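Structure first, commentary second.
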Amino acid sequence: MATIFSKIIAGEIPSYKVAEDDKFYAFLDINPLVKGHTLVVPKREVDYIYDLTDEELAAMHVFAKHVALAIQKAFPCRKVGEAVIGLEVPHAHIHLIPMQKESDMLFSNPKLKLDDAEFKAIAEAINKAWEGK
Ligand code: 5GP
């Protein structure tokens, strides 16, 4: 059975897409810790990120890097943090989280409630700043 992220990639479930190439897809986390919180996923369905091949993992990080640079351009921050958890959705993904302070990375923080227009505007701003890769 396809994961929820595979359904998102296939367009069967809507998402706020920020970037895509032939192997990877990036979209806004629906329960963001901060504005710009983005998920990067491989199109090949793999549960555990370390089950990706070395080449896939390296390429995923290069793709994530360029998404992170776009996030930082669209939402100025001290740095974009990276986190891998994956206990909720069994489809490998990297969280990219714009940080002003270390505690912005705490997954136990309350999540932001954003409306559709806000999600759309954030995704559009990151996508505009994204220069590919
Ligand atoms: P993890 O598996 O890394 O513990 O958490 C999965 C993340 O995916 C969570 O931050 C959650 O908010 C996000 N998420 C779960 N389902 C969906 C969904 O259907 N759409 C989007 N955009 N994000 C989701």
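Atoms within each ligand, like the ligands themselves, are counted from 1 in listed order. The structure displayed is predicted, hence computed values, not measured ones. Counting from 1, the numbers follow the sequence of the chain as shown.
Remark: aromatic rings of Phe5 and Phe27 are close, center separation under 6.0 Å. In this structure, Phe119 has its ring center under 6.0 Å from that of Tyr16.
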Counting only pairs under 3.5 Å, give me each side-chain donor-acceptor contact of residues 76-84, with atom names and distances, residues two or more places apart or in other chains.
{"from": "Arg78", "atom 1": "NH1", "to": "Gln100", "atom 2": "O", "distance (Å)": "3.3"}
{"from": "Glu82", "atom 1": "OE1", "to": "His61", "atom 2": "NE2", "distance (Å)": "3.0"}

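In terms of heavy atoms, Phe63 sits closest to Trp130 at CE1-CZ2, 3.9 Å.
Taking the salt bridge (charged side-chain N to carboxylate O under 4.0 Å, His left out) definition, one finds that Lys43 meets it with Glu20, sequence neighbours left out.
Sorted by chain and number, the heavy-atom contacts of ligand 1 below 4.0 Å come from Ile4, Phe5, Ile8, Phe27, Leu28, Asp29, Ile30, Asn31, Leu39, Ile85, Gly86, Leu87, Glu88, Val89, His93, His95.
Apart from Val34 itself, the hydrophobic cluster it occupies contains Leu33, Ile85, Leu87, Ile97, Met99, Met105, Phe107, where clustering links Ile, Leu, Val, Met, Phe, Trp and Tyr at side-chain heavy-atom distances under 4.5 Å.
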